[in-house]
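So the structure is just underneath, and the comments pick up after that.
As the structure is a prediction and not an experimental result, all values here were calculated from the model. First the proteins, then the strands, lettered A, B, ... as listed; each starts at 1.
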2 protein chains.
Amino acid sequence: MADQTLPAQIANQLRRDILRGVLRPGMSIKERDNADKMGVSRTPLREAIRILATEGLIELRPARSPIVSIPSIKQIADEVEVLLAVEKLSGELACERATDAEVDALAEIVQTMSDKFDTIDAVEMFEIDMSFHAALAQAAHNEPLAEIHGTFLSRLWRSRFLAAIQRRNRERVVDHHTHIVDALRDRDAVAIRAAIGVHLDHLAEDIIDVITQEIAEASADADRKDDHETTPLRT
Amino acid sequence: MADQTLPAQIANQLRRDILRGVLRPGMSIKERDNADKMGVSRTPLREAIRILATEGLIELRPARSPIVSIPSIKQIADEVEVLLAVEKLSGELACERATDAEVDALAEIVQTMSDKFDTIDAVEMFEIDMSFHAALAQAAHNEPLAEIHGTFLSRLWRSRFLAAIQRRNRERVVDHHTHIVDALRDRDAVAIRAAIGVHLDHLAEDIIDVITQEIAEASADADRKDDHETTPLRT
DNA sequence: CAACAAATTTCGGTATACCAAAATTTTGAC
DNA sequence: GTCAAAATTTTGGTATACCGAAATTTGTTG
């Protein structure tokens, strides 16, 4: 892990905190506080914040504290729309260009999913899911494509995660991925687009449900102090 | 123009220099030199470099000077592939969602293109072209989509520009755009995908030609000092 | 003259200092 | 007690200082 640059490491840490919900949407990320907390100076932390901003996890406001992004339903829907197109293209290109070894690697990941389904927790399952989609982008042999694919995956990470822990069932998680690999084995571009479409359409619905719920909760305690973990009592 | 942040302004300046060829592919961008030259400190210039790096115009190398990206043919082909998919999606969504006013605005741009074709230079024509594609992304009413569309447009800006000044003819520049607007007027998603496909397929060929040529030239004087405008004499 | 090694310079990465704009708190008037 | 205005603190933006790693130059040796 030490082979990454310091800003990248800091970004990883912050990303985890955001995605796991330690830093909740709307909270401000103060440069000094977080820099001190992590034992680094403001400079690399600042850079880390920019990284997460381009990933869409943090929202920069000129001359104000950056805040953890509060994705609207429309925004999430838009992002799913893009992810859908990007992943369909990846699948299509992978049908043309993937090596047999790469297809086997994808199949391996799905097998792992199936094997471990009942023994691991949602976070671990989710990380496997992420690795599957990353491997698919790799198999398309188009680096910039893999790059934006990664960007949108991480933008939707938290939403997907929240959706995943609610709608956890073997059929969705395993079968849909199996369909994708099967289509890839057959080098069937039409089938893979369809499989990915089904996969993400379901995802979109799940996400919308979860976010709608979260927004409802958020407006319930809208006046909480947003830079403290605990809600302080009013004196 | 003063309403932008300082790093953004610096990035704009550098971007222009790169796209116009003042900073040629392979040249190193030293923080101190450029900061002094532009009368700012290293901090905002550093940030500007990161911005351009995410746009793909600059390549960061750990512990080394960043260099102006030297896109390979494969890389450009990959980027065109992505741009194609992104713009097709934009067109499709625009067919569903564009307001009549937005369609009119697009048509207006094409009209301007046609009117001014014989009187303005390649750079100006190109900027109009860029504004057309940006407006199309806007009409799709999907902000993250417009964002990555912009990213890939700027990554391909220089290549497209080089291609444009070589293959300049009214039929390509005007007719193709007209087809796109017509399809949009008809709200015909299939037609607009086709029109965009034709447009960018031609573009891809042109770019490949130009870049092949540029690479050939570059290897001819491969040993030039890459951080000076003029080739210094060896003593 | 060539080649390798040591000294020097250059340069990116990080930390720190300073400033101006925002936000917050305090204070004073009504 | 309330509200507004002023003083204070907080915070992001920028400049500068410092460090260690790379690259370059210089010097030495065969």
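Using a 4.0 Å cut-off between charged side-chain N and carboxylate O, A:K74 and A:D78 make a salt bridge. Using a 4.0 Å cut-off between charged side-chain N and carboxylate O, A:R155 and B:E143 make no salt bridge. A salt bridge links B:R46 with A:E47: at least one charged nitrogen is closer than 4.0 Å to a carboxylate oxygen.
Rounded to an integer number of Å, the gap from A:E31 CD to D:dG12 P is 5 Å. Rounded to an integer number of Å, the gap from CZ of A:R50 to C1' of C:dT14 is 16 Å. Rounded to whole Å, atom P of C:dG12 lies 9 Å from atom CZ of B:R46. For B:E47 and D:dA15, the CD to C1' distance is 13 Å, given to the nearest whole Å. Regarding B:R61, its CZ atom lies at a distance of 11 Å from the C1' atom of D:dA22, rounded to whole Å. Following rounding to the nearest Å, B:L6 (CG) and C:dC19 (C1') show an atom-to-atom distance of 14 Å.
Checked against D:dA15, C:dA15, D:dT11, the side chain of A:D33 finds its nearest nucleotide in D:dT11.
Inter-residue side-chain proximity for A:E81 and B:L145 is flagged as unmet; no heavy-atom pair is nearer than 4.5 Å.
Across all strands, A:S65 comes closer than 4.0 Å only to sugar-phosphate atoms, never to a base (heavy-atom distances). Counting any heavy atom pair closer than 4.0 Å across all strands shown, B:L45 reaches no nucleic acid atom. Within the 4.0 angstrom heavy-atom criterion, base atoms lie near A:R32. If you check every strand for non-hydrogen atoms under 4.0 Å, A:P7 touches sugar and phosphate atoms only.
For the pair A:R64 and B:G39, nearest-nucleotide mapping onto DNA chain D gives the more 5' position to A:R64.
For B:R42 against C:dG12, a side-chain N or O and a base N or O form a donor-acceptor pair under 3.5 Å.
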